[in-house]
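Contents: one structure, followed by commentary.
Because only heavy atoms are used, hydrogens play no part in the values below, and waters and symmetry mates are left out as well, while side chains stay in. Letters A, B, ... are given to chains in the order of the sequence lines, protein chains preceding strands, and every chain is numbered from 1.
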There are 2 protein chains.
Amino acid sequence: MPRPTGPPIGLALTRTAKAVSRAFDDALAAAGGSLPAWLIMISLKTRSLGNQRELAEAIGIRGATLTHHLNTMEADGLVIRRRDPANRRIHQVELTDRGETLFRQLAAAASTHDQRLRTGFSDEEIATLEQLLRRLQHNVSGEAHDRASRSDA
Amino acid sequence: MPRPTGPPIGLALTRTAKAVSRAFDDALAAAGGSLPAWLIMISLKTRSLGNQRELAEAIGIRGATLTHHLNTMEADGLVIRRRDPANRRIHQVELTDRGETLFRQLAAAASTHDQRLRTGFSDEEIATLEQLLRRLQHNVSGEAHDRASRSDA
DNA sequence: AAATAAACATTAGATATCTAATAGTCAGGT
DNA sequence: ACCTGACTATTAGATATCTAATGTTTATTT
C-alpha cells in the first residue's frame, strides 16, 4: 500500500494529453478537418467495428456524441450510414470517396504531427510508452483491481 | 520516408487519457467534487500562481472556462476572489475553510485513485512514464519544431 | 498630462459533450 | 403467436468548453 508517491500520475497524463490533443487539433484544422472526424475515420479504416457503439467506444466518446459527429460528416458527404440488412438495428458506417480523400489529407497532417511528437524518441522509448499507457488504461478498466497484465504484443 | 512508424502515438495517449480521466472524474464525483474543481484546488495548493491566466494555463483550460468554474466554486463557498491591491487587474483566488475541507476529501479520493492507477508499476516505471510525458509535452510546446520538410503522406 | 497600447478578468454567443428519455428492432419465454 | 426484455441508434435537454468582444486597470508613448 501506500508509498510516498509523488504528484498524481493521472495529473501529468491529463496535462500532457490536453496539450498534445490541442496541438493535434490545430494541425488537423489547418488540413481542413477536426480531431473527432479524424478519430472516426481512422477507426473506420483500421478497426473492424460492428456497430456505432463499438466505434464510439474505440474513440472514447458516448454514442450520442458520435451520432452528432456522424450527422455533420454525413451532411458534409464524408460518410454514409446504411442499415445492416441482417440486423436492422445496426447502422453500418462507410467512408465515401470524398471521405477517403479527406482521410488521406488528414493522414498526411497526422503523420507530420506524429513525427513532431516523436522528436527525440527512440523506437524503444515509443514502445515503452505504449506499453505503459496500455497498462494505465487496464488499471482503470473495470475489473482491473487484481494485478497488472502483460498484454503487450 | 522517416521511419515505418506504428500507430500514432498521440492516439494511444488520447485514448488512455480519456479512459483515466473518466474513471478519475467518477471517483471525485463520488467524493462530492469534480475533476475541474480538483484541478483548480490542487493547483492553488501546490503552485505559486500569480493570476487566473496562469492558473488556467496550469490546468489546461481557457481563461473564460476558469471563470465559469470559479463562479460555481465561489457560489458553493469553496473559494473567494479578491482584488490584488498592488495590481487591481488581478483577482487573487484563495481556498476558504470549506474549500480546504473539500480539498482534503478529494485528496483522499485522488490518492486512492492514484494507487489504483499505479497498480503493477514500479517506482522506476512511474518515473520513466513521467519523463516520457514531459518530453511529449515539450515536443508540441511552441518552439520545439523540427521543421523537417519531410513531405510524407 | 493625454492618448494609446497592453494585461487581466469577465461576459456573450457558439460548439461539443454528456445523461436521460425515446423509437425501432431483435431474441426468448409463455 | 405474443408479450417482455435487451440492444442499437437517435433525439432532447443540460453542462462544459471554446473564441471573440467588452470593461477595467496599468504601462507606454508622445
message: Please enumerate all residues that pass side chain to side chain contact (heavy atoms under 4.5 Å, CB included) together with A/Thr96, with sequence neighbours excluded.
response: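 Partners of A/Thr96 under the side chain to side chain contact (heavy atoms under 4.5 Å, CB included) test: A/Ile80, A/Arg98.
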
- request: Using side chain to side chain contact (heavy atoms under 4.5 Å, CB included) as the criterion, list what pairs up with A/Ala31, not counting sequence neighbours.
  value: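 Checked A/Ala31 against side chain to side chain contact (heavy atoms under 4.5 Å, CB included); matches are A/Leu106, A/Ala109.
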
query: Looking at DNA chain D, which of residues 73-88 of chain A put a heavy atom within less than 4.0 Å of it?
result: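 A/Arg81 - these, ordered by number, are the residues of the stretch whose heavy atoms sit under 4.0 Å from the strand.
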
task: With a 4.0 Å heavy-atom cut-off, tell me which residues in residues 11-34 of chain A come close to DNA chain D, sorted by residue number.
output: A/Arg22

Side chain of [X], backbone of [Y]: donor and acceptor closer than 3.5 Å?
{"X": "B/Asp76", "Y": "B/Leu78", "answer": "no"}
{"X": "B/Ser111", "Y": "B/Ala108", "answer": "no"}
{"X": "A/Thr16", "Y": "A/Leu13", "answer": "no"}
{"X": "A/Asp114", "Y": "B/Ile9", "answer": "yes"}

Report, one line per pair, each donor and acceptor closer than 3.5 Å where one atom sits in a side chain of residues 55-67 of chain B; sequence neighbours left out.
residue: B/Thr67; atom: OG1; partner: B/Gly63; partner atom: O; Å: 3.2

- request: Sort and list the pairs that fulfil ring-ring contact (aromatic ring centres under 6.0 Å, His included) and have at least one residue in residues 68-106 of chain A, not counting sequence neighbours.
  value: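 Passing the test, one end in residues 68-106 of chain A: A/Trp38-A/Phe103.
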
field: Boundaries of the DNA chain C segment in contact with chain A, non-hydrogen, under 4.0 Å
entry: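 First-to-last contact on DNA chain C, by the 4.0 Å heavy-atom rule, is C/dA16 to C/dC26.
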
- prompt: For A/Glu94, which residues count as a side chain to side chain donor-acceptor pair (under 3.5 Å) partner, sequence neighbours excluded?
  reply: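 A/Glu94: side chain to side chain donor-acceptor pair (under 3.5 Å) contacts with A/Arg82.
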
field: Sub-4.0 Å heavy-atom contacts from residues 63-72 of chain A onto DNA chain C, ordered by number
entry: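 Contacts with DNA chain C under 4.0 Å: A/Ala64, A/Thr65, A/His68, A/His69.
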
query: Atom CZ of A/Arg53 and atom C1' of D/dA9: how far apart are they, to the nearest Å?
result: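 Between C1' of D/dA9 and CZ of A/Arg53: 11 Å.
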
Heavy-atom closest pair, residues B/Arg116 and A/Val140: NH2-O, 3.5 Å

- line: Contacts of B/Glu74 meeting salt bridge (Lys or Arg N to Asp or Glu O under 4.0 Å) (sequence neighbours excluded), chain-then-number -> B/Arg81

Any residue meeting salt bridge (Lys or Arg N to Asp or Glu O under 4.0 Å) with B/Arg135, in chain and number order, not counting sequence neighbours: A/Glu125

task: May I have all residue pairs that pass salt bridge (charged side-chain N to carboxylate O under 4.0 Å, His left out) and include part of residues 23-42 of chain B, sequence neighbours excluded?
output: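 Of all non-adjacent pairs touching residues 23-42 of chain B, none passes salt bridge (charged side-chain N to carboxylate O under 4.0 Å, His left out).
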
statement: The answer to which of A/Arg62 and B/Glu54 contacts DNA chain C further toward the 5' end, by nearest nucleotide, is B/Glu54

